[in-house]
Amino acid sequence: MKQARDCAHMARAIRLAEQGLYTTDPNPRVGCVLVRQGQTVGEGFHRRAGEPHAERNALAMAGRQARGATVYVTLEPCCHQGRTPPCTDALIEAGVSRVVAAMRDPNPLVAGKGLEQLSQAGIQVEHGLLEAQARDLNPGFIKRMQKARPYLRCKLAMSLDGRTAMATGESKWITCDAARRDVQRLRARSSAVMTGIDTVLSDDPSMNVRLGAGDLEGVTSDTHIRQPLRVILDSRLRLPPAARMLGLPGQTLVICTDASTPRALPLETAGVRLKEVAQDDRRVDLDAALRYLAEQEINEVLLETGPTLAGSALSAGLIDELIIYLAPHIMGDGARGLFQLPGLERMQDRIPLWITDVRAVGEDWRISARPERA
């Protein structure tokens with residue numbers, strides 16, 4: 001019975017954390033519930049960096065009823081001074097008796113130290129309850145802390161016969177309105193949207209979020225939805241200073257292999273940030289680019305690109321998740337495919353995928369998969 005109650009309260013904390021899905025970046029999404037004598041006396045979630053953490057919001061709601069309460073929190077309470085004071089200090093001062101964390105914090109500044117501090121203060125501590133669900137809240141934060149790289153999610157759209165564009169390059173629109181709105185939600189939760197220069201030159205994309213707070217589940221209408229960082233991989237700085245995206249709100253970062261060329265100044269004048277990284281076969285080293293983004297506290301990157309860059313990222317084992325929208329029509333064998341993958345000649349060369357979710361989105365199907373090598 002106790003285990004069932006604990007699970008129910010932690011599930012509520014996870015639902016609260018989901019309310020920060022589009023706003024907490026670069027911080028993790030965290031929810032917290034305080035229970036005393038079987039009754040919920042306080043709850044809260046972390047809304048955005050610089051504002052109080054979930055535990056402090058829940059404690060503020062509980063007031064004096066926090067004394068002797070059990071705390072259910074989706075991530076180990078922090079014990080270091082960041083933009084806000086340590087949550088462990090607040091929990092100890094409030095006199096809570098038990099803290100149940102879904103998972104330990106992968107941040108090396110915490111990493112078990114928060115639970116240890118609470119334990120030394122005489123508070124009963126536990127962790128691991130609904131850990132898988134809690135980890136799903138923050139794949140990018142976890143990846144950045146543990147691997148010094150952001151979580152790379154690759155979005156693709158294809159016909160039933162696996163085609164992404166006609167031979168002429170025409171691709172608007174493969175998917176239905178509902179699928180395209182779903183992509184907007186993927187963008188809204190991402191720290192950055194990334195593509196290659198060839199896609200920019202052919203499509204002149206906006207790479208922005210075109211939904212309001214009212215279009216996002218669990219978000220209040222007065223919430224400000226930030227624009228993700230636009231990232232262009234452009235080894236030779238071919239991005240036109242008049243590109244559509246440069247006139248839109250939000251920042252654009254161009255990652256190149258030589259930022260000292262005459263082409264740099266017009267882009268910087270247009271507001272573009274430039275970053276020079278190592279090259280790989282005269283192209284931007286994708287791994288180096290991702291590691292730089294992690295240094296900039298980028299948690300989740302949504303890759304929206306053509307078959308060449310998508311194939312390179314997949315071959316290098318850098319894609320953590322594929323989101324593929326499957327539209328119910330046929331485009332023919334002359335149309336373009338999903339990935340450019342030279343060298344796949346035998347069945348044993350195939351790249352295995354784990355299908356994690358399949359669901360209908362309007363007239364289309366959305367398939368989520370994880371490459372085995374990731």
Side-chain angles (χ1 to χ4, degrees), residues 22-27 48-50 83 140 144 149-155 172 180 183-213 215-216 223-279 282-306 308-310 313:
Y22 305 103
T23 59
T24 64
D25 210 69
N27 287 0
R48 60 176 51 87
R83 299 186 189 181
R144 178 164 67 87
R149 278 207 307 259
Y151 187 88
L152 185 60
R153 182 181 285 115
C154 182
K155 185 276 296 182
K172 293 183 179 180
R180 295 198 294 275
V183 172
Q184 292 294 315
R185 286 187 280 271
L186 286 178
R187 289 184 182 178
R189 69 168 290 169
S190 301
S191 315
V193 178
M194 183 166 69
T195 194
I197 184 60
D198 289 339
T199 297
V200 176
L201 294 176
S202 63
D203 297 344
D204 194 19
S206 299
M207 294 177 65
N208 62 350
V209 176
R210 297 187 289 276
L211 294 180
D215 301 307
L216 300 170
T223 299
H224 173 68
I225 301 301
R226 57 173 179 77
Q227 289 292 335
L229 176 67
R230 295 182 289 264
V231 180
I232 313 300
L233 303 183
D234 182 8
S235 59
R236 293 177 287 157
L237 294 184
R238 292 185 290 155
L239 177 67
R244 179 194 308 174
M245 68 179 69
L246 302 186
L248 299 173
Q251 293 186 319
T252 300
L253 169 68
V254 170
I255 301 181
C256 61
T257 58
D258 184 2
S260 63
T261 70
R263 295 175 178 175
L265 182 58
L267 291 175
E268 291 176 324
T269 302
V272 174
R273 288 169 47 199
L274 299 179
K275 173 60 180 177
E276 183 179 314
V277 301
Q279 61 176 303
R282 294 187 295 178
R283 295 179 177 176
V284 168
D285 185 313
L286 184 53
D287 183 61
L290 291 172
R291 291 189 180 279
Y292 171 73
L293 292 177
E295 293 172 2
Q296 306 307 300
E297 296 188 312
I298 297 296
N299 289 333
E300 297 181 22
V301 175
L302 181 63
L303 180 62
E304 298 190 50
T305 191
T308 302
L309 179 54

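Everything numeric in this text was worked out from a predicted model, so none of it was measured.
- Gly196 and Leu309 get closest at one heavy-atom pair: N-CD2, 3.6 Å.
- In plain terms, the two heavy atoms of Tyr151 and Gly140 that are nearest each other are CB-CA, 3.5 Å.
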Stepwise side-chain contact (heavy atoms from CB on, under 4.5 Å) test for Leu237 and Leu274: CA-CA 9 Å; Leu237 294 184; Leu274 299 179; 4.0 Å; yes
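- Arg153 CZ to Leu303 CG: the interatomic distance, rounded to the nearest 0.5 Å, is 11.5 Å.
- Note that CD of Glu300 and CG of Leu293 are 13.0 Å apart. Values are rounded to the nearest 0.5 Å.
- Scanning for side chain to side chain contact (heavy atoms under 4.5 Å, CB included) contacts around Arg273 gives Leu229, Gln251, Leu253, Tyr292, Gln296, with sequence neighbours left out.
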Take Thr195 and Ile232 through the side-chain contact (heavy atoms from CB on, under 4.5 Å) test and state the conclusion after the steps. CA-CA 5 Å; Thr195 194; Ile232 313 300; 3.8 Å; yes
Under 3.5 Å donor-acceptor pairs involving side-chain atoms of residues 254-261, not counting sequence neighbours:
from	atom 1	to	atom 2	distance (Å)
Thr257	OG1	Ser235	O	3.1
Asp258	OD1	Ser260	N	3.0
Asp258	OD1	Ser260	OG	2.5
Thr261	OG1	Arg263	N	3.4

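- For the pair Thr308 and Arg283, the minimum side-chain heavy-atom distance is below 4.5 Å.
- Counting only heavy atoms from C-beta outward, the side chains of Val231 and Met207 never approach each other to under 4.5 Å.
- In this view, Arg187 and Val183, Gln184, Val193, Asn208, Val209, Arg210, Leu302, Glu304 satisfy the side chain to side chain contact (heavy atoms under 4.5 Å, CB included) rule, not counting sequence neighbours.
- Distance check, rounded to the nearest 0.5 Å: OG1 of Thr252 to CG of Leu267 gives 10.0 Å.
- By the side chain to side chain contact (heavy atoms under 4.5 Å, CB included) test, Pro266 is found to be paired with Pro241, residues two or more places apart in sequence or in another chain being considered.
- Between Pro240 and Leu246, the closest heavy-atom pair is O-CD1, 3.8 Å.
- Partners of Asn299 by side chain to side chain contact (heavy atoms under 4.5 Å, CB included), not counting sequence neighbours, listed by chain and number: Asp25, Pro26, Phe141, Arg144, Ser191.
- Counting only residues at least two apart or on different chains, the salt bridge (charged side-chain N to carboxylate O under 4.0 Å, His left out) pairs with a member in residues 229-238 are Asp198-Arg238.
- Asn27 and Ala49 get closest at one heavy-atom pair: ND2-CA, 3.5 Å.
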Dump the intermediate steps for side-chain contact (heavy atoms from CB on, under 4.5 Å) on Leu290 and Met194, then the final yes or no. CA-CA 10 Å; Leu290 291 172; Met194 183 166 69; 4.1 Å; yes
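- A heavy-atom distance below 4.5 Å is found between the side chains of Val200 and Met245.
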